[in-house]
Amino acid sequence: MKRYIFLTFILLPMLKLYGQGDKPVAEGKVTYITLQNIYVKFETPGLVQKGDTVFIRKDLTLVPLFISESVSSTSCVGKPITKTDIKVSDVVVLKIKNSGKNKAVIKDNIPTELSGIPKDSIQVGGSILPAKVLSSSGRNEKIRGRIAVSSYSSFSNSSDFNQRMRYTFSLSAENISGGRISTDTYVMFTHRLHEWSAVQDNVFNALKVYNFAVNYDVTDKTRISLGRKINPKIASIGAIDGLQAETKTGNFTVGAVVGSNPDYTDYSFNSKLFEYGAYLSHEIKSETGNLVNSFAFFNQTNRGSTDRRFVYFQHDNSLIKNVNLFASSEIDLYALKDSTATNTISLTSLYLSLRYRFSRQLSAYLSYDARKNVIYYETFKNYLDQLLQDATRQGYQLRINYRPTNSISSSITGGYRFQKNDIHPMANVNGYLSFTNVPVINSMVTFSANWLQSSYVNGMIYGVQLYKELVPSKLSTGIYYRLVDNKYLNSSLSSSSLQHMASLELSWQMSRKMSFSVNYDGTFENSNQYNSIYINLIKRF
């Protein structure tokens, strides 16, 4: 039972699907996964900003996956908020509270006099605002930031009240004073009430610096960065403390990095984890899509000894209309055999996915995933034998989405995952049927079901959700109920568990740059009751 109790402490914001007009959410896909980070790409540029929350759909509820720590025009990266079984090419969701009104558009190619926009101004959605700085070089200063205060509280009839506070600050300053210098900052401070001693013992138990870097544009196509930064083009590395340089020539992009890896215990600076690497990518753009091939080499050390040395390759191809092919692999080049360093070639991971859109209403996704444990020979040396013995994990997934009308959408997903030493492979099938605008109640209603079979549990989950805007674009609420019927298995006995899970959300867009939300989640069993409350206040500037 305890392995499922943690579900009650995860924020379960209510899903807001496509309406009959604008899209209140945008969908992207997971492009790469490492031990520390998840990388996501959206089709539309400029949607995601640093500090935004990216969600994963679980039984038609939007569950927070990660908070974006570094962004590019279409991609973002962040650390998972909670343990999840997400895979490359899984669909993620980004909420858009004011679709089409939340990004600045600089009228570069149209004279401002002809476009109706005053000189030295920028257009933000439907508003015309003075540009802060517009240099003679045409570099426009853009400063944006976000401050968030969150409270996570949990309590039950069998445990004490527990509360965790989280404070988040992000700031991005591009082309400061119209020049070539930019900065990126993303910092989070988390602590439990009445447990301040853990912070006093080590401030990095609470303080996490995900991004803290200064960037300098040597030319329009060459940039160097100094500090802690996550580079989306080096997908399997995560944050790097040090120097990064990148230049673009034609369709090629070349980059190199040197620095150290953040400490794996508390994410603080650790100069003993020295690392270096380089990458090369090539991109072709066409009217139907893009073709991007990336190759990287990296060497990581611990106290001067090689920890891991590997290369990876990534291929993303959407040149054929309605088809997207994605492939990635990691190959390790270093191993310790009987305490002797050897140069070897070992396939660590392989991922293949194919997406095909039959029509505007129907699409399908098929993926294959095979991966071994990533071995850091110095960091993991105390339990290296156990990691080396674990077999490769393999999995298949098939998902079909069908949207017969603008107000009805459905999906069914089947997955199969196995390892050589599994008692029973894991298989699951889940699906949903959603009605965007139900008459009379004028709300979105979604029905879902999930079947799961593994070596330790067989179960079914049934769900129904209602989402309603009380005041359009200002105040919304959601109610969600799930019935969980699980049977737990082991060698000597089996037991059944019936859980009733309920969630209630209230979201208030107080102003264009300030929002407030509160969520309640409850799990109810025969003799136990578990509750959690999540409160979040966000201020953008």
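What you see is a predicted model, and the numbers here were worked out from it, not measured in a lab. Scope of the values below: all heavy atoms of this structure, side chains included, with no hydrogens, waters or symmetry mates.
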Is Ser349 close to Phe310 at the side-chain level, that is, under 4.5 Å between some pair of heavy atoms?
no

Test item: Leu352 and Leu325 side chains (from C-beta on) under 4.5 Å apart, heavy atoms
no

Here the pair of heavy atoms bringing Val323 nearest to Leu354 is CG1-CD1, 3.8 Å

When you compare the side chains of Ser318 and Asn290, does any donor N or O come within less than 3.5 Å of an acceptor on the partner?
no

Does Lys208 use its side chain to pair, donor to acceptor, with the backbone of Tyr267 at less than 3.5 Å?
no

Is there a side-chain contact between Thr253 and Glu283 (heavy atoms, below 4.5 Å)?
no

Smallest separation among heavy atoms of Phe66 and Val77, with atom names:
CE1-C, 3.8 Å

Heavy atoms of Asp332 and Ile375 approach each other most closely as OD2-O, 4.4 Å

Looking at every non-hydrogen atom in both residues, tell me the closest pair between Leu347 and Ser329 and how far apart they are.
CD1-CB, 4.2 Å

Check this for me: Leu470, atom CG, are more than 12 non-hydrogen atoms of other residues, nucleotides or ligands nearer than 6.0 Å?
yes

Do we see a donor-acceptor contact under 3.5 Å between the side chains of Ser407 and Asn437?
no

Taking the six-membered ring for Trp, are Phe447 and Phe435 parallel (under 30°), tilted (30 to 60°) or perpendicular (over 60°)?
perpendicular

Atom CD1 of residue position Ile441 - does it have more than 12 heavy atoms of other residues, nucleotides or ligands inside 6.0 Å?
yes

For the OH atom of Tyr432 and the CD atom of Gln465, what is their distance to the nearest 0.5 Å?
11.0 Å

Determine whether Gln244 and Arg223 make a side-chain contact, defined as any pair of heavy atoms from C-beta on separated by less than 4.5 Å.
no

Arg540 vs Arg512 side-chain heavy atoms within contact, under 4.5 Å
no

Let me know which of Asn215, Asp184, Asn231 forms a side-chain hydrogen bond (donor to acceptor under 3.5 Å, both in side chains) with Ser225.
Asn215

Please test Val30 against Phe326 for side-chain contact (heavy atoms from CB on, under 4.5 Å), starting from the C-alpha separation and ending with a verdict.
CA-CA 11 Å; Val30 177; Phe326 180 86; over 6 Å; no

Report the C-alpha separation of Arg417 and Asn428 in whole Å, then their side-chain angles, then the decisive distance to 0.1 Å, and conclude whether the side-chain contact (heavy atoms from CB on, under 4.5 Å) test is met.
CA-CA 9 Å; Arg417 192 179 70 187; Asn428 72 291; over 6 Å; no

Would you check if there is a donor-acceptor pair between the side chains of Thr222 and Thr247 at a distance under 3.5 Å?
yes

Within the 4.5 Å heavy-atom criterion, are Ile176 and Thr183 side-chain neighbours or not?
yes

If you define the side chain from C-beta out and look only at heavy atoms, does anything of Gln361 sit under 4.5 Å from Pro404?
no

Please check if any side-chain donor atom of Ser476 sits under 3.5 Å from a side-chain acceptor atom of Tyr467, or the reverse.
yes

Return yes if some donor-acceptor pair links the side-chain N/O of Ser511 with the main-chain N/O of Met514 below 3.5 Å, else return no.
yes

Pairwise distance CG(Leu291) to NE2(His315) - rounded to 0.5 angstrom
5.5 Å

Determine the minimum heavy-atom distance between Arg180 and Thr219, stating which atoms define it.
NH1-CA, 3.8 Å

Any side-chain to backbone donor/acceptor pair from Ser182 onto Asn175? Under 3.5 Å, distance only.
yes

Within this structure, what is the OG-CD distance for the pair Ser346 and Glu330, rounded to the nearest 0.5 Å?
11.0 Å

Between Phe298 and Tyr279, does the ring centre distance come in under 6.0 Å?
no

Are Thr436 and Asn406 side-chain neighbours, meaning at least one heavy-atom pair lies under 4.5 Å?
no

Is there a donor-acceptor pair under 3.5 Å between the side chain of Ser294 and the backbone N or O of Ser281?
no

Has the side chain of Thr288 got a donor or acceptor atom that lies under 3.5 Å from a matching backbone atom of Lys321?
no

Can you tell me how far apart OH (Tyr186) and OG1 (Thr168) are? Round to the nearest 0.5 Å.
4.5 Å

Around atom NZ of Lys248, are there more than 12 heavy atoms from other residues, nucleotides or ligands closer than 6.0 Å?
no

If only atom types and distance count, is the side chain of Ser177 paired as donor or acceptor with the main-chain N or O of Gly179 below 3.5 Å?
no

Should Tyr334 and Asn299 be marked as a side-chain contact (heavy atoms from CB on, under 4.5 Å) after you check the CA-CA gap, both sets of side-chain angles, and the distance that decides it?
CA-CA 9 Å; Tyr334 173 86; Asn299 191 82; over 6 Å; no

Short question: side chain of Thr477, backbone of Glu505 - any donor-acceptor pair under 3.5 Å?
yes

Within the 3.5 Å criterion, strictly below it, is a donor on Asn317 or Asn293 matched to an acceptor on the partner's side chain?
no

Glu469 vs Asn442, side-chain contact (heavy atoms from CB on, under 4.5 Å): CA-CA, chis, key distance, verdict
CA-CA 9 Å; Glu469 281 196 331; Asn442 192 29; over 6 Å; no

So how far is it from Glu275 CD to Arg308 CZ, rounded to the nearest 0.5 Å?
11.5 Å

Mark yes when over 12 heavy atoms from residues, nucleotides or ligands other than Lys221 sit less than 6.0 Å from its NZ; otherwise mark no.
no

What is the ring orientation for Tyr416 with Phe418, classed by angle as parallel under 30°, tilted 30 to 60°, or perpendicular over 60°?
tilted

Testing the basics here: between Tyr312 and Ile234, what is the closest heavy-atom pair and its distance to 0.1 Å?
OH-CA, 3.2 Å

Say you draw a straight line from CG of Leu280 to CZ of Phe295; how long is it, rounded to the nearest 0.5 Å?
8.5 Å

Quick one: do the Ser517 and Ser507 side chains pair a donor with an acceptor below 3.5 Å?
no

